[in-house]
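Taking it in order: structure first as structure tokens, then the write-up.
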Protein chains: 2
Amino acid sequence: MPAARTKSQLIQESMQSLRRIVKALEDYSRDVEQQFGLTGPQLWALWELGHEGPLSLKDLAARMHLESSTVVGVVDRLVAKGLIVRNPDPLDRRKVSLAPTPKGDQILAAAPPPAQGHLLQGLESMHRKRVESLHESLQTLEQVLGARKLKAPFFFAKE
Amino acid sequence: MPAARTKSQLIQESMQSLRRIVKALEDYSRDVEQQFGLTGPQLWALWELGHEGPLSLKDLAARMHLESSTVVGVVDRLVAKGLIVRNPDPLDRRKVSLAPTPKGDQILAAAPPPAQGHLLQGLESMHRKRVESLHESLQTLEQVLGARKLKAPFFFAKE
DNA sequence: TGCCTATTATTGGTATTGGAATTAAAAATG
DNA sequence: CATTTTTAATTCCAATACCAATAATAGGCA
């Protein structure tokens, strides 16, 4: 039986866990890239377009919680690979309508779920009680971070 | 009072929480950069050098869980800003010994803790019971991810 | 000692990410 | 209807981040 941990130890270990979890997700994306030829963001974007129908670039960016300027590059590479197409929106000529090509659909049918899917499968395999507990913990953590974000004006001087 | 959630809902929300937490940490780094002139990785590297004494580039990279080639760039920028110096190692001429300059130490004394510090403060403010629960949940999550990582050879065909 | 291997730092190339500025088009306002 | 404002997509720039390849040095072994 492991010795009792101090609060400080628990915190340190939790931090490391969080880092490892984030890194595990990144590594998973890299593995997919190695073996599948699509980077994590590319697969993710293709996934969104395949499952949520045609989307404008802005909507796609919103779904991925990324900036438009970031997604432009991802879309460029998917277009270059012939997996999606940019169609003009007949109703609003500022917009582009992004959709998978047949080839993109084909890839999507065979591809693993995007990074999040990995985690998803892990969570599915957990007992409900555990998921409940995790959920509550994450919410707490988020509240703490959120609260800090609002009320922590930087206390240090600028040069 | 909110309606009871299904397991699936709990999972979805947990995923989103995780993403938001990661994003909050990234945003914090960006805030520090805006107001302090050092990016997250730069502050982190300076912090490690300031607290762990002179380190070789490899050791610094190991501490940050980054590749050496990534850290070279971060070190370049810190050197360019005059916050650290590269000294030759008298015992092994392959190595460089990285250490803060007086100016680097000065910045470090006034700077907020690196990104992780933000989270750290949040955790410190939580009750021990909550931290215990979070710790346990994260460990479980990590186990699930780790297990999957090992036994999930990619099941999809390569083109 | 001299050759072979391993280690250290670096460079080069590609991808991701956000912010700032630009262009084009739609919407709102007078 | 003309002007202004807002919105959508894009381009450009800097910083991460990885991998692969290289140069220089150290260490091991015949």
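First the proteins, then the strands, lettered A, B, ... as listed; each starts at 1. Here the structure is a predicted model, which is why all the values come from computation and not from measurement.
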(message) What verdict does the side-chain contact (heavy atoms from CB on, under 4.5 Å) test give for R86(A) and D76(A), after you've listed the backbone C-alpha separation in whole Å, the side-chain angles of each residue and the deciding distance to 0.1 Å?
(response) CA-CA 9 Å; R86(A) 271 188 248 242; D76(A) 282 346; 2.2 Å; yes
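- Residue-level contact check: S56(B) touches the backbone only, with heavy atoms under 4.0 Å from sugar-phosphate atoms and none from bases.
- Note: CG (L66(A)) to P (dT16(C)) measures 10 Å, nearest angstrom.
- What separates CG of D76(A) from C1' of dT14(C) is a distance of 14 Å, to the nearest Å.
- If you take CG of L55(A) and P of dA9(D), they are 10 Å apart, rounded to a whole angstrom.
- Computed from coordinates, the W44(A) CH2 to dT17(C) P distance equals 8 Å when rounded to whole Å.
- Atom pair D59(A):CG and dA9(D):C1' shows a separation of 12 Å (rounding to whole Å applied).
- Nearest to the side chain of T39(A), among dA15(C), dA20(C), dT16(D), sits dA15(C).
- Residues L83(A) and I107(A) form a side-chain contact, since some pair of their non-hydrogen atoms from C-beta on lies under 4.5 Å apart.
- Cluster membership for L55(B) and L66(B), using ILVMFWY side-chain heavy atoms within less than 4.5 angstrom, is shared.
- For L57(A), the listed nucleotide lying nearest its side chain is dA9(D); candidates were dG19(C), dA9(D), dT16(C).
- Rounded to whole Å, atom C1' of dA14(D) lies 15 Å from atom CG of L38(B).
- Side chains of N87(B) and V96(B) form no contact here, defined as non-hydrogen atoms less than 4.5 Å apart.
- The base of dC12(D) has none of its N or O atoms less than 3.5 Å from a complementary donor or acceptor on the side chain of S69(A).
- For the OP1/OP2 pair of dG18(C) and a distance below 4.0 Å, the side-chain nitrogens and oxygens of T70(A) include at least one atom meeting the criterion.
- Out of dC19(D), dA20(C), dT11(C), the shortest distance to the side chain of V72(B) is found at dT11(C).
- Rounded to whole angstrom, the span from the CZ atom of R77(B) across to the P atom of dT10(C) amounts to 13 Å.
- At distances below 3.5 Å, at least one donor-acceptor pair connects side-chain atoms of K81(A) with backbone N or O atoms of G37(A).
- When side chains are defined from C-beta on, L38(B) does not count as touching R77(B), because their heavy atoms never get closer than 4.5 Å.
- Nearest approach of A45(A) to L60(A), heavy atoms of both residues: O-CD1, 4.1 Å.
- Residues from residues 78-97 of chain A that place a heavy atom under 4.0 Å from any atom of DNA chain C, listed by number: D92(A), R93(A), R94(A).
- Across the protein-nucleic acid pair, E67(B) atom CD and dT10(C) atom P stand 15 Å apart, rounded to whole Å.
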